[in-house]
Amino acid sequence: MSFFSNLFTKKNSAPVAKDRLQILLAHERSSRNSNSDLLQKLQKEIMEVIQKHISIDQEKIQIKVDRGNDFSTLEIDIEVPQQENIT
Amino acid sequence: MAKVIVVTSGKGGVGKTTSTAAIGAALAQTGQSVVVIDFDVGLRNLDLVMGAERRVVFDFVNVIQGEAALSQALIKDKRVENLYILAASQTRDKDALTEDGVEKVITELKEKFDWIICDSPAGIERGAKMAMHFADEAIIITNPEVSSVRDSDRIIGILDSTTDKAQKGEKIPKHLLITRYAASRASRGDMLNTDDILEILSIPLIGIIPESEDVLKASNLGSPITLSSPNSAAARAYTEAVKRLQGDKIEVTVPTDKKGFFNWLLGRNGS
């Protein structure tokens, strides 16, 4: 980074590193202590409920997790097959 | 009363072996008797960093398996009195480190030495678990880098749950040693600074080793830095860390190399 760009842009990477670590480690520590991450538990149970009703093709499911400081999101996207495939 | 110290980090390449050599030598330089043990079975390097690579006849695994006596496997350092090395095996696999075997050797070493410094391999597998298992205290080596801080946090969790002390319900005292620290980059905000790391890991700081060419020079020479260039900033930082390990209350600072005016003008690092 040149002297001038250093002078005019105040984008430091260390605060970003610190924030990312604090969020990540908060989750890793809680899952270490309770031995199960809430999001993973939810994901597992939701899948079990769905499997009761639909035979699921694993490739038709998209699972996204975004862990944040204040809240996390769990997004499960399931492609529901045609009516005749429902058991 | 002998003290068993594990030098660990989780992540590789952060300076465990270099620090083990420097800390072991610095302790011996204060007149204490010290043995440094390499737990990295299969990938030994402490012997090389200590300059004893051509003198290894028997190793840690030979002793565990009863193929050699402990006194035969201990290599005496040629530079400092009361400093010994116990090398790791290069040919065996890590399963050779049995809990009973390690305990037997450490118990025997406790009768002969004031300090037993265990150099842990990277990772969280058997070698690393065995290195920390019988430790009284731990030194956690961390670089100011996200991956290293994360792995240190993981190691702290393992120290608090799987070690002999933890299983007996005791807390294992932990000390943070930050290595490869560049004060100028940290003050510019481009490197995690000491306060950031302390806030995240929340274990007491035992020292800050500045990023320095002298550290590589020392391992090139096969000499702990506290012996090869005792006046360098890095060596002074290790010497102070060792005083803190021995219970001295000294404020932690980042030692710096004195820069000559011309070097400063040219932006060179003094050495």
Side-chain angles (χ1 to χ4, degrees), chain A residues 1-49 51 58-59 61-78, chain B residues 9-11 14 124 128-129 132 140 142-163 166-167 169 171-172 174 176 178 180-203 205 208 211 254 265-267:
Chain A
M1 203 183 266
S2 80
F3 175 73
F4 283 106
S5 61
N6 212 352
L7 201 67
F8 293 119
T9 59
K10 278 229 165 205
K11 261 195 180 167
N12 293 326
S13 58
V16 181
K18 188 184 175 188
D19 285 350
R20 290 177 58 217
L21 274 170
Q22 278 175 325
I23 294 168
L24 174 70
L25 294 181
H27 284 285
E28 287 188 348
R29 284 170 190 157
S30 66
S31 61
R32 196 193 292 156
N33 296 336
S34 65
N35 234 346
S36 68
D37 186 1
L38 175 65
L39 287 186
Q40 268 170 10
K41 213 183 229 174
L42 280 175
Q43 185 189 315
K44 189 169 163 272
E45 287 183 19
I46 291 170
M47 297 304 291
E48 280 168 5
V49 170
Q51 254 159 346
Q58 286 296 328
E59 284 175 16
I61 308 165
Q62 298 269 342
I63 300 166
K64 285 184 198 161
V65 176
D66 193 357
R67 294 184 163 90
N69 216 358
D70 301 323
F71 62 89
S72 303
T73 59
L74 172 67
E75 195 181 316
I76 302 182
D77 218 330
I78 304 156
Chain B
S9 69
K11 191 175 181 299
V14 296
I124 50 173
K129 294 253 173 80
M132 68 171 70
I140 290 128
T142 304
N143 285 174
E145 202 188 298
V146 285
S147 51
S148 176
V149 176
R150 181 197 206 174
D151 290 357
S152 292
D153 190 74
R154 188 83 204 280
I155 281 290
I156 291 168
I158 294 171
L159 279 164
D160 285 336
S161 60
T162 69
T163 54
Q167 284 164 3
K171 272 266 172 189
I172 172 163
K174 294 170 285 286
L176 179 68
I178 300 174
R180 308 200 69 167
Y181 192 69
S184 59
R185 290 167 70 191
S187 67
R188 254 187 280 137
D190 286 328
M191 183 184 265
L192 286 168
N193 66 36
T194 312
D195 292 339
D196 294 338
I197 301 171
L198 285 172
E199 192 185 326
I200 294 166
L201 295 178
S202 50
I203 57 169
L205 185 64
I208 305 164
E211 168 93 329
V254 192
L265 207 64
L266 296 168

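Within every chain, numbering begins at 1; the chains are lettered A, B, ... in the order of the sequence lines, protein sequences first and strands thereafter. Values in this document were obtained by computation on a predicted structure and should not be read as measured data.
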Next on the checklist: Minimum heavy-atom separation for B/Gly189 and A/Pro15, please, with both atom names.
Outcome noted: O-CD, 3.9 Å
Next on the checklist: If I compare all heavy atoms of A/Arg29 with all of B/Asp153, which pair ends up nearest, and what's the gap?
Outcome noted: NH2-OD1, 2.5 Å
Next on the checklist: Looking at A/Gln62, I'd like to know if its CD atom is crowded, meaning that more than 12 non-hydrogen atoms belonging to other residues, nucleotides or ligands lie closer than 6.0 Å.
Outcome noted: no
Checklist outcome for this item: Separation between CZ (A/Arg20) and CD1 (B/Ile200), nearest 0.5 Å, reads 11.0 Å
Checklist entry - About how many Å separate CG of A/Leu21 and CD of B/Glu145, when rounded to the nearest 0.5 Å? => result 10.5 Å
Next on the checklist: As a test of understanding, state which of B/Asp196, B/Asn193, B/Ile197 forms a side-chain contact (heavy atoms from CB on, under 4.5 Å) with A/Lys18.
Outcome noted: B/Asp196
Item to check | Considering all heavy atoms, the nearest B/Leu192-A/Ala17 contact | outcome: CD2-CB, 3.8 Å
